[in-house]
Q: 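Have a look at this one before I ask anything.
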Amino acid sequence: MVQFLRFAGIRAVLAFFTLCLVSFIVFSLMELVPGDCAERYLAFKNSQGAQISVADIEAERVRLGLDRPFFERWVKWIFGAFQGEFGDSCILRLNINQLLGQKVWLSIGICLGSLLLAYLIAIPVGIIAATSRNPFLNNGLRLVSYLGLALPNFLLALMIMLFSTIFFGNSLTGLFSPEFRDAPWNWPKIKDFLSHVWLPVFILGWSATAFAIQTVRALMSDEISKLYVTAAAARGVSGRRLLMRYPARHALSPIINSLGFDLNRIFNELPIVALILTLTEAGSLLIEALARSNDQQLAGAIIFFLTGSIVAINFITDITLALVDPRIRRSILG
């Protein structure tokens with residue numbers, strides 16, 4: 001137990017330093033954008049008809065603390081980030097926590113739902129594909145997985161929207177109906193949300209499912225042919241008990257370890273799907289901050305939230321893998 005706790009502590013420290021390193025990279029990229037926050041904000045005001053002088057820019061820079069050294073500003077930003085406080089948006093001059101609000105949690109929920117859907121389908125289907133000797137079943141599953149890898153998510157979203165618009169008169173866009181968009185959370189709003197959120201979850205889980213099926217199938221095919229499975233069968237273990245106790249248990253360990261990578265890949269696809277489906281969540285807000293308003297403070301906060309989620313998932317999967325995989329557990333405990 002002491003060795004396992006030491007392992008968990010080392011993983012926690014590594015996760016913390018990873019988050020600090022990523023925050024330093026994000027903050028550095030924010031600093032490399034031409035013009036600081038004061039110049040971008042006052043340029044935006046000037047485009048709205050305001051008359052801005054050089055003295056106004058200097059006063060705004062001092063007010064925002066941009067005259068302080070780089071390292072000091074980064075330390076202040078990272079301390080605020082760990083406390084969940086990111087200051088004000090560079091352009092909109094609104095508190096970033098208020099701007100993000102529930103958008104971050106909606107985005108994380110959509111991504112986690114897509115990941116859960118992908119593995120609920122991919123694990124049993126991948127096991128069946130690896131163990132079945134039916135050529136029609138194998139070829140059919142292979143065709144579905146290849147189609148999932150070849151068909152981009154945004155094209156799938158456009159196809160579903162077009163089909164729904166033509167045959168049902170509903171484009172299936174947004175996460176809420178107009179009457180629930182600004183309403184407080186209650187059971188009717190939750191039902192309305194669930195009636196809309198299935199589409200982005202399905203679309204984002206489409207390629208993730210196909211990729212996971214290929215991975216599970218390859219891992220299972222490799223494990224089934226190993227000697228320890230043959231030895232277990234020789235001892236009288238057979239059927240589903242043999243399959244789940246030996247090859248499936250060992251084949252799923254790399255799948256658990258790849259959850260953070262898959263979550264990152266799903267979130268990378270979220271902004272494009274969000275633009276097509278006009279979703280009001282952090283993915284679309286990130287595109288707005290990076291490509292349109294050049295609001296690096298807002299973009300940096302969203303990226304930090306995403307990084308924190310992925311690092312947390314990786315830490316949890318490391319601990320889970322050590323608990324469920326006897327090989328990892330023996331390496332830790334000696």
Q: Per the side-chain hydrogen bond (donor to acceptor under 3.5 Å, both in side chains) rule, what does the pair list look like for residues 300-314, sequence neighbours excluded?
A: none
Q: Ignoring hydrogens and angles, tell me if any N or O in the side chain of Asn139 forms a donor-acceptor pair with the backbone of Pro135 under 3.5 Å.
A: yes
Q: Check whether any side-chain N or O of Ser114 sits under 3.5 Å from a backbone N or O of Ile110 as a donor-acceptor pair, and report yes or no.
A: yes
Q: What pairs with Trp185 under ring-ring contact (aromatic ring centres under 6.0 Å, His included), at least two apart in sequence or on another chain?
A: Phe176, Phe193
Q: Closer than 3.5 angstrom, by distance alone: can the side chain of Lys189 be matched with the main-chain N or O of Pro184 as a donor-acceptor pair?
A: no
Q: Mind listing the closest non-hydrogen atom pair of Ala8 and Phe315 along with its distance?
A: O-CE1, 3.5 Å
Q: With a sphere of 6.0 Å drawn around CZ of Phe70, does it hold more than 12 non-hydrogen atoms of other residues, nucleotides or ligands?
A: yes
Q: Determine the minimum heavy-atom distance between Ile128 and Leu137, stating which atoms define it.
A: CG2-CD2, 3.7 Å
Q: Looking at Phe16, is Arg11 sitting on its ring face, NZ or CZ under 6.0 Å from the six-membered ring centre and within 45 degrees of the normal?
A: no
Q: Does Arg265 pair with Asp262 as a salt bridge, N-O distance under 4.0 Å?
A: yes
Q: Verify the neighbour count for atom CG of Leu227: are there more than 12 heavy atoms of other residues, nucleotides or ligands below 6.0 Å?
A: no
Q: List the residues meeting ring-ring contact (aromatic ring centres under 6.0 Å, His included) with Phe71, not counting sequence neighbours, and say none if there are none.
A: Trp74
